[in-house]
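Structure first, then comments.
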Amino acid sequence: MKKENTSPKDSDKRNGEISRREFLRVLVGFSLTLPELAHAKSKFFSSPVHTNALRPPGAVPEDLFAGKCVRCGRCAEVCPYHCIEMLDIRHGLYAGTPIIYVDKIPCYLCMECTKVCPTGTLKPIPQEETRMGLAVVDKYRCITWKGEGICRSCYNACPYKDKAIYLDRLRPVVNKDHCTGCGLCTAACPVTPKAINIEPIYSFKVSKR
Amino acid sequence: MGKPKKEPKIKRKTYIDTWRFLFQIGAFIAILVNPFLNYYFHVKVIQGWYQSIAFGHLWFVSPLEGIEALLITKIIYMPWIIGMTLPIIVALLLGRVFCSWICPINFFYEIMDRVHKKISKRSYYKRKPLFTLPRWILWVALVGELMLAMIVGKPIFVFLSPPGLVGREIMMAVFFHTLALEGIIVLIVLTTYLISQRFFCQYLCPLGALLAFIGAKRRLIIVQDMNTCHQCGFCDRACPWGIYPSRGEAEGIYCTNCGSCVAVCPFNARKFVFVGFTPSSEKLKLEKVPSGRQ
């Protein structure tokens, strides 16, 4: 019985041959994935740090970060706010390194992660010396700057109020000397897309050896 | 010891296999439980896994990952060096004990061994490996990995090490309710069990190679008492690491001091000896097997 069942199916197939249509389908499918692959390759070697995606406090610059970090994940484990995330293999050589997406959960500057890092990738530093990035106000998105209303969410959220963010005729202005780049203002900003963003300007300077 | 050969007595039971398994369970629980403690109870006493693990203020850093990062960045940071010291001292004195007594990958292999033993219904078995490679492949793995890391300029083993990945996957599951894609490596490594019992550990693990290199002149070795040995070859069949203790290879560089051969010996002819510090060391050295013997 079994043999009779299987034999008609086998006879339909031309064994081991691929039809022209199938071949072309595979070819077109493969060529469509090529740009994707090229993109993945560029992501593989380039740093994952960009606007609102920052390293934890006290981090060494990006030229050293992936070399020094042993990917033990202790910073992510001690973070009481669970703001530190771990990257996976899709980020290539940067897999396993910690990152903070400040528009999701910002850093509350408790400095716990800097105390547990065993390799000095995150150096223990005082809170006010943290420079994860610099908050930049987009004057074409901010409600107050556009004159559409009065919002001071970023000012209210800032841990260094009147120093890092001060109000100039009710409009928020960032002072570079005091901004830690913690991203509390970004998380608090009610506008989408965010009118205040953290630019990781300190992550790409060349580190002192 | 020293007695003339008699009829084999009833074997004095050694519980070394049980002890090792319990130790492995304990070591695995340390990395299994700590994400839960950290995430749900905010108990921060234990952090990390076998890349770097902290018990309070006692910090450990895995030697290979540390050396890799040191070679690449060329910067010395003291907590890092001090964290590496204790594992290196342990490897210097006791050899590759991390591999056989702590490593979570070996723990999974050991579970497979136990299941296999139950299924095979034979008291002492040795599964024939599909193929064997020359042992020096291990050194190629170590040197190749370090060279590759230095060429690329970023450490490789830190995010691809299977023992580390086990810890990271547990942590990812607890903290982010997802699994990292590179966990497939763990599955691939566990699948190599089909080739031979410790295929990855024997030939490909750079960390194991480094620990073997550090522990080349280790103090703790397993010696064979030639007076009581009957050359039954049970130790050769019991060794999951594919070495032949009866040919004196247990004192060589590739032995991990797991103690399987000690547990299996029906005549109690093999035992752990801490050489150099015990007064009878000279005597024991005489009892060592000449390594060329077949």
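Order of the sequence lines sets the chain letters (A, B, ...), proteins ahead of strands, with each chain counted from 1.
Residues A/Thr119 and B/Thr73 are not in side-chain contact: their nearest non-hydrogen atoms beyond the backbone lie 4.5 Å or more apart. A 4.5 Å side-chain heavy-atom check between B/Pro155 and A/Arg71 finds at least one atom pair inside the cut-off. Between B/Phe176 and A/Met86 there is a side-chain heavy-atom pair separated by less than 4.5 Å. A/Pro118 is not listed as a side-chain neighbour of B/Pro79, based on a closest heavy-atom distance of 4.5 Å or more. Contact check for B/Ile75 versus A/Leu64: side-chain heavy atoms found under the 4.5 Å cut-off.
B/Ile72 approaches A/Gly67 most closely through the heavy-atom pair CG2-CA, 4.2 Å. Nearest heavy atom pair, residue A/Leu93 against residue B/Ile156, reads CD2-CD1, 4.1 Å. Contact detail for A/Asp88 and B/Ala180: the closest heavy-atom pair is CB-CB, 3.9 Å. When all heavy atoms are compared, the tightest approach of A/Ala95 to B/Glu182 is CB-OE2, 4.2 Å. Residues B/His42 and A/Pro80 share a closest heavy-atom pair of CE1-O, 3.7 Å.
The contact between A/Cys69 and chain B is made entirely by backbone atoms, counting heavy-atom distances below 4.5 Å. Using a 4.5 Å cut-off between heavy atoms, B/Leu37 makes no contact with chain A at all. Using a 4.5 Å cut-off between heavy atoms, B/Met172 contacts chain A through its side chain alone, with no backbone atom that close. Neither the backbone nor the side chain of A/Glu112 comes within less than 4.5 Å of any heavy atom in chain B. Heavy-atom distances place the side chain of B/Val152, and not its backbone, under 4.5 Å from chain A.
For chain A, the option among B/Ala54, B/Gly66, B/Gly83 with the highest count of heavy-atom pairs below 4.5 Å is B/Ala54.
In this structure, NE2 on B/His57 lies 9.5 Å from NZ on A/Lys115, to the nearest 0.5 angstrom. Expressed to the nearest 0.5 Å, how far SG of A/Cys117 lies from CD of B/Gln47 amounts to 11.0 Å.
Under the 3.5 Å distance criterion, the side-chain polar atoms of A/Glu77 are matched with a main-chain donor or acceptor of B/Gly48. Proximity of a side-chain donor or acceptor of B/Lys154 to a complementary backbone N or O of A/Ala66 within less than 3.5 Å is not detected.
Both tests hold for A/Lys68 against B/Tyr77: distance to the six-membered ring centre under 6.0 Å, angle to the ring axis within 45°. Because its NZ or CZ atom is both nearer than 6.0 Å to the ring centre of B/Trp59 and within 45° of the ring axis, A/Arg74 counts as a cation-pi partner of that residue.
Within 6.0 Å of CD1 on B/Ile76 lie no more than 12 heavy atoms contributed by other residues, nucleotides or ligands. For B/Phe36, the CZ atom sits in a loose shell: 12 or fewer heavy atoms of surrounding residues, nucleotides or ligands are nearer than 6.0 Å. Annotation for B/Tyr254: atom OH counts as buried by contact number, over 12 foreign heavy atoms lying within 6.0 Å. Shown here is A/Lys163, whose NZ atom has no more than 12 heavy atoms of other residues, nucleotides or ligands within 6.0 Å. Counted within 6.0 Å of OH on B/Tyr40, heavy atoms from surrounding residues, nucleotides or ligands total more than 12; the atom is thus considered enclosed.
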Go through A/Ile89 and B/Ile184 one step at a time and tell me if the side-chain contact (heavy atoms from CB on, under 4.5 Å) criterion holds.
CA-CA 11 Å; A/Ile89 197 71; B/Ile184 295 169; over 6 Å; no
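In summary, the aromatic rings of A/His82 and B/Tyr39 are positioned with their centroids under 6.0 Å apart.
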